[in-house]
Amino acid sequence: MSEPITSPESNKLLRAAIWVAIGALIAAALVCVVWVLIGSGTGIIARAFLTVLLLAGFAGIAILESHLAPKRPAWFSLTSMVVWVVILLIGAVMIWLPQPAGSFGWEYERFMKFLLIVLILQLGMLHLRLFTRAYARNPTTFLSVVTYVTIAFVAIVAVMLIVPLIVEDYITFLPIYWRVVVALTILAAVGTALVPLVNALLMPRAPKPVAPAWPTYADGRTPLPVLPDGSPDWQAYYTGRPTYPAAQQQAYSPQAPAQAPSPQAYQGYPPPPAIPAQAAAAAPPAPPAAPASGDRPQPPTAPR
């Protein structure tokens, strides 16, 4: 069921489905021609007109199926085409079956039965598509057995519902027949409910994301900036911008203190020699500051 659509096996199945549709169309036309030639003449014109409509409708559906085939799995496209071929053959048989004795309005009744048959088969196809998708989510051995058994039950129930709609005017079905239909329907319903239930209980689930320890913005991923004291910048949560521009470059983990550059790395030159303490103590004192001009003494004047 998981075969890719573009594989060579899928292309072969699609071609086979198209050839099956063409062969069924030709076979149905030949059968109708034989019924026209050897059958009774009652309502032959109306039946021939219905046959032409049936063949034209099947041709249109076959074209639609060929366009939808690339979007579907190959096995489903083939199954859908086979189902439409069965509908074509059933429609041809119901058109050319003899008129039941002592019945009034049998044409309308037979047409409604045909529509009911189409509905049953298409509901079966819808069930098949959704059921196989549910199975593909968790294809375990147990679910594989349940899936194939349930599909078989659904197919048997569909056949047992269709057969009485075709030949109930000529064959009488016993009550045990309908008991079997009801029993198989219950089993098919249980299998249909079992697969999604097991998936919900046993299918592994993705782990939930762990909330970060540091507060974040409203998106839940971007951490808030750090203030100089190491606390979160709650003002940035409301404004969308950090309170201090330098806070944008800070992380919310403590940083190591900056270290002074090594004196050995001074542009490739050796470091200057240190001044000894004794030499610093023996240095001569600074000369006294010169007095201000207002306080300078005047030189003595010569006697007259």
Item checked: Residues T222, T216; criterion side-chain contact (heavy atoms from CB on, under 4.5 Å); working and verdict -> CA-CA 5 Å; T222 307; T216 62; 5.7 Å; no
Notebook entry, point to check: Hey, what do you get for OH (Y135) to OH (Y148), rounding to the nearest 0.5 Å?
Noted result: 5.0 Å
Check: Which heavy atom in A188 sits nearest to a heavy atom in F153, and how many Å separate them?
Finding: CB-CB, 3.9 Å
Margin query: Are the side chains of I176 and R179 in contact, using a 4.5 Å heavy-atom criterion?
Written below: yes
Check: Side chains of R129 and P73: closer than 4.5 Å at any heavy-atom pair?
Finding: yes
Next item on the list: Say whether V149 and V157 are linked into one hydrophobic cluster, either directly or through other cluster members, by side-chain heavy-atom distances under 4.5 angstrom.
Entry: yes
Next item on the list: Say whether N138 and T140, considering side chains only, have a donor N or O and an acceptor N or O under 3.5 Å apart.
Entry: no
Margin query: I'd like to know if the side chain of T79 and the backbone of W75 have a donor-acceptor N/O pair within less than 3.5 Å.
Written below: yes
Margin query: As an exercise, state the distance from CD1 of I26 to CD1 of I22, rounded to the nearest 0.5 Å.
Written below: 7.0 Å
Next item on the list: Assess whether side-chain contact (heavy atoms from CB on, under 4.5 Å) is satisfied between T132 and F76, documenting all intermediate values.
Entry: CA-CA 10 Å; T132 51; F76 186 79; over 6 Å; no
Notebook entry, point to check: Any side-chain heavy atom of I162 sitting closer than 4.5 Å to one from I166?
Noted result: yes
Next item on the list: Check whether L68 and I87 end up in the same hydrophobic cluster, where Ile, Leu, Val, Met, Phe, Trp and Tyr are linked by side-chain heavy atoms less than 4.5 Å apart.
Entry: no
Next item on the list: Could you tell me whether the side chain of R110 and the main chain of M94 form a donor-acceptor pair under 3.5 Å?
Entry: yes
Next item on the list: Please check if the side chain of T172 supplies one atom and the backbone of E168 the other of a donor-acceptor pair under 3.5 Å.
Entry: no
Checklist line | Student check: side-chain heavy atoms of V154 and L128 closer than 4.5 Å | finding: no
Checklist line | Single-linkage hydrophobic cluster L121~L116, side-chain heavy atoms < 4.5 angstrom | finding: yes
Note to self: Under the side chain to side chain contact (heavy atoms under 4.5 Å, CB included) test against T147, which residue among T150, V145, I151 passes?
What the structure shows: I151
Item checked: OH (Y238) with more than 12 external heavy atoms under 6.0 Å -> no
Next item on the list: Ignoring hydrogens and angles, tell me if any N or O in the side chain of Y177 forms a donor-acceptor pair with the backbone of M160 under 3.5 Å.
Entry: yes
Notebook entry, point to check: When the ring planes of F131 and H127 are compared, do they come out parallel, tilted or perpendicular, using 30° and 60° as the limits?
Noted result: parallel
Next item on the list: Establish, from distance only, whether the side-chain atoms of S80 and E65 form a donor-acceptor pair under 3.5 Å.
Entry: yes
Check: Can you name the closest pair of heavy atoms from P242 and A236 and give their distance?
Finding: CA-CB, 3.9 Å
Item checked: Beyond-backbone contact of I156 with V181, side-chain heavy atoms, under 4.5 angstrom -> no
Note to self: Determine whether D169 and K113 satisfy the following criterion, side-chain contact (heavy atoms from CB on, under 4.5 Å), listing intermediate values before the conclusion.
What the structure shows: CA-CA 12 Å; D169 294 332; K113 289 180 180 179; 3.8 Å; yes
Check: So, N199 side chain and A134 main chain: donor-acceptor pair closer than 3.5 Å or not?
Finding: yes
Next item on the list: Measure the CG-CE distance between L119 and M112 for me, rounded to the nearest 0.5 Å.
Entry: 10.0 Å
Margin query: Is it the case that the side chains of W96 and T51 hold a donor-acceptor pair, with the cut-off being a distance below 3.5 Å and no angle test?
Written below: yes
Notebook entry, point to check: Same hydrophobic cluster for V52 and L50, using side-chain heavy-atom links shorter than 4.5 Å among ILVMFWY?
Noted result: no
Check: Is there a side-chain contact between L194 and F142, using heavy atoms and a 4.5 Å cut-off?
Finding: yes
Check: Side chains of L161 and I120: closer than 4.5 Å at any heavy-atom pair?
Finding: yes
Item checked: Nearest-0.5 Å distance that lies between atom CZ in R137 and atom CG in L143 -> 11.0 Å
Check: Can you tell me if CZ on F173 sees more than 12 non-hydrogen neighbours from other groups inside 6.0 Å?
Finding: yes
Notebook entry, point to check: Under 4.5 Å between any side-chain heavy atoms of W84 and L64, yes or no?
Noted result: no
Note to self: Starting from V159, can I reach L187 by hopping between I/L/V/M/F/W/Y residues whose side chains sit under 4.5 Å apart?
What the structure shows: yes
